[in-house]
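To start, the structure itself, in C-alpha cells.
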Amino acid sequence: MAQKPSIPKGTRDFSPAEVAKRNYIIQTIKKHFETFGFMPIETPSFENSETLMGKYGDEGDRLIFKILNSGDFISKVDDVTYSSKNSASLTPKISEKALRYDLTVPFARYVVMHQNEIDFPFKRYQIQPVWRADRPQKGRFREFYQCDADVVGANSLLQEVEFVQLYDAVFTDLGLIGTTIKINNRKVLSGIAEVIGAKHLLVDFTVALDKLDKIGEEKVKAEMLEKGISEAAITKAQPLFEMTGTASEQLEKLKSILADSEVGMLGVSELEEIILTVDALGLQSAKLQLDVTLARGLNYYTGAIFEVAAPEGVQMGSIGGGGRYDDLTGIFGLKEVSGVGISFGLDRIYLVLEELNLFPDSLDTSLDVLCLNFGKQEGLASLKLVSSLRKAGLRADLYPTDAKMQKQFKYADKRGVPYTILLGEQELLKGNFVVKNMKTGNQQAYALDDAASFAESIISAF
RNA sequence: GUGGUUGUAGCUCAGCUGGUUAGAGCGCUGGAUUGUGGUUCCAGAGGUCGCCGGUUCGAACCCGGUCUUCCACCCCA
C-alpha cells in the first residue's frame, strides 16, 4: 500500500514562488554584507558533538539534534550504561555528531582551526541552515536559516556602530521601514547585579528583567523573589523599572545607579560611545533604542547586545540579534580574540515582509517570454527565435507541444508571463512574429531577423 | 520539556442529538470556441473523513492512544 508522504514537523517545502522570495532576501543581505567588507565561508551541517555540547546552556543542549553513530553502535555500549536508561550518559556513547545549532559556535571553531591562515581582523559572513529540536510555533521552525556577519580580532567599538548601520542598510533596502534596533550591554547588567548585591544571580535577574515589557513590573518582581533575589535588592533596582526618556537621559540614570560599579560604568560608557556615534552618522529607517531589559544570549556575550524588533503592529519574535563576545574562541583554546557579530533571521523576515506585503511584484515573474507552439515547421523557426532571445538575456521558452492555443495562452497567463509570441503559418509566410502583451492585450509584429530590437525593447522596460 | 488546539476533495471549509450513496466554493480536466488567455455557460474527474484500536445493530461524529497543525510557556532567529 502506498503510504501518504509527509515531512518532519517544523520543516517546510518551498515552492518556486517562495524560493524566489527567499532568494530576494538572501541576495539583499549578501549584497550589504559584501559592501561592508565581509567574506563568505561555509561550515559543515554537522559537527562533532563536543564542539557544540555545553556551549548553549542546558536548555540549548536539549535542543541540539544528535546524529546516531553508524554501524552496530548499540552493541558497543557497556551493559551498565545501557541498562541505566539514562539519556545523558547513553547519548555520548551512541552519538558522536550533531547538527549545527547556530553559526556562531562553528565559526569560533573555524577561527581556531584556521588561525594561522586568517588575516585578523577577520570579517566573515555565513548564510546557512541551522537545526533545533524545538517545538514549532509562530516564526519558529526546526530547520531555519541564519545569516550571520561577525568580525573577530579587533575590539574597537566602531564595529558595533557598523553593525547598527548594517542592520539599517539591509532593512531599509528590503523596504522594512520602522524596525527598532535594541541595544544593551552585558557589563551594565553585571554592574546592576553587583550594585544590588545579587551578583551570583545575574542570569536569573536578567532573564526576569527581560520579560518586563511582556508580563509587567509586578510579575517580574514576583519572579525575581521566587528565584531568591532579596526584597532589598529588588527595591534597589527600582530605577530600572522606570527607564523612560531619551537615550541620554537613560544613560544619566544608569550612571547614577552604577556609580559604585567599575564594570557597570564601563558598560555605560561603551553604550554611550556607540549611541553617540550612531547618532552622529545617522540612520536611514531604523531606530536605535537603548533597552536595559534586553538580556538575550547571555551564554557568551560580554559587551554589547543587539536585538531587532519588527515594525510596530507586527507580531513576531526578534528578526535579528547579536552582540560582542570577548572570549568565544577561548573555549577552543584561542585566548584574547574579541568578536562581535549579528544575525538576520531569514525565515522571520520572510514572514514579516509577507505580512506587510513588501515583496516586489517582479518576483512573481519567472519567464519573460513564452513562444506558442504551432506545430513542427513553425516550431523550428520558434526555437531559433527563442534561442536568440535567450542569448539576448531574456528568460524565454517555447511551449513544448502544439496544444490548443487556448491551453497555451492559459498556461502563459498562469505563469504570469508578460509577453507571448505567436509564430504560426501566417507569420512564417510574412517572415515576422507577433508579440502579444498579456497585460494590455496589444499585439505588435516584428521581422524575424529583427529579434534583437524586440529583446531590447523589453529589457529597457525593466 | 509543560499546557492547550487542529486534522473531511489539490486549496478554503460545511456536515444537526451517532442513522442509507459525505457536500459547497475555488481549483483541475473536457466542451461551447480548428489562430488568442484573464469573463461567461455546460459537463466531468477527484475523498481508506490523519493513523491505530475501542464502544455500538450502525462512527466523519463518542472514548483511548499516536502522528500532525497552530498557539502559549520555557527558550530562542
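Below, chain A is the first sequence line, B the second, and so on; all start at residue 1. Note that the coordinates shown come from a computational prediction; the quantities given were computed from them, not determined experimentally.
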OP1 or OP2 of [N] versus the side-chain N and O atoms of [X]: is any pair under 4.0 Å?
{"X": "A:Lys214", "N": "B:C73", "answer": "yes"}
{"X": "A:Lys211", "N": "B:C75", "answer": "yes"}
{"X": "A:Gln406", "N": "B:U36", "answer": "no"}
{"X": "A:Lys436", "N": "B:U36", "answer": "no"}

Between A:Glu427 and A:Asn432, is any side-chain donor less than 3.5 angstrom from a side-chain acceptor?
no

For the residue pair A:Glu34 / A:Tyr125, report whether a side-chain donor-acceptor contact shorter than 3.5 Å exists.
yes

Pair of N/O donor and acceptor under 3.5 Å linking [N] base with [X] side chain:
{"X": "A:Gln443", "N": "B:U36", "result": "yes"}
{"X": "A:Arg62", "N": "B:C75", "result": "no"}
{"X": "A:Arg348", "N": "B:C76", "result": "yes"}

What's A:Gly375 touching, base or sugar-phosphate or nothing? Going by heavy atoms closer than 4.0 Å.
nothing

If you only use heavy atoms from C-beta on, which nucleotide in B:C75, B:G35, B:A77 is closest to the side chain of A:Glu425?
B:G35

Where the side chain of A:Arg132 is defined as all heavy atoms beyond and including C-beta, which of B:A72, B:U29, B:A77 is the nearest nucleotide?
B:A77

Can you list the steps and then say if A:Lys410 with A:Lys407 is a side-chain contact (heavy atoms from CB on, under 4.5 Å)?
CA-CA 5 Å; A:Lys410 253 185 182 160; A:Lys407 193 179 165 100; 5.6 Å; no

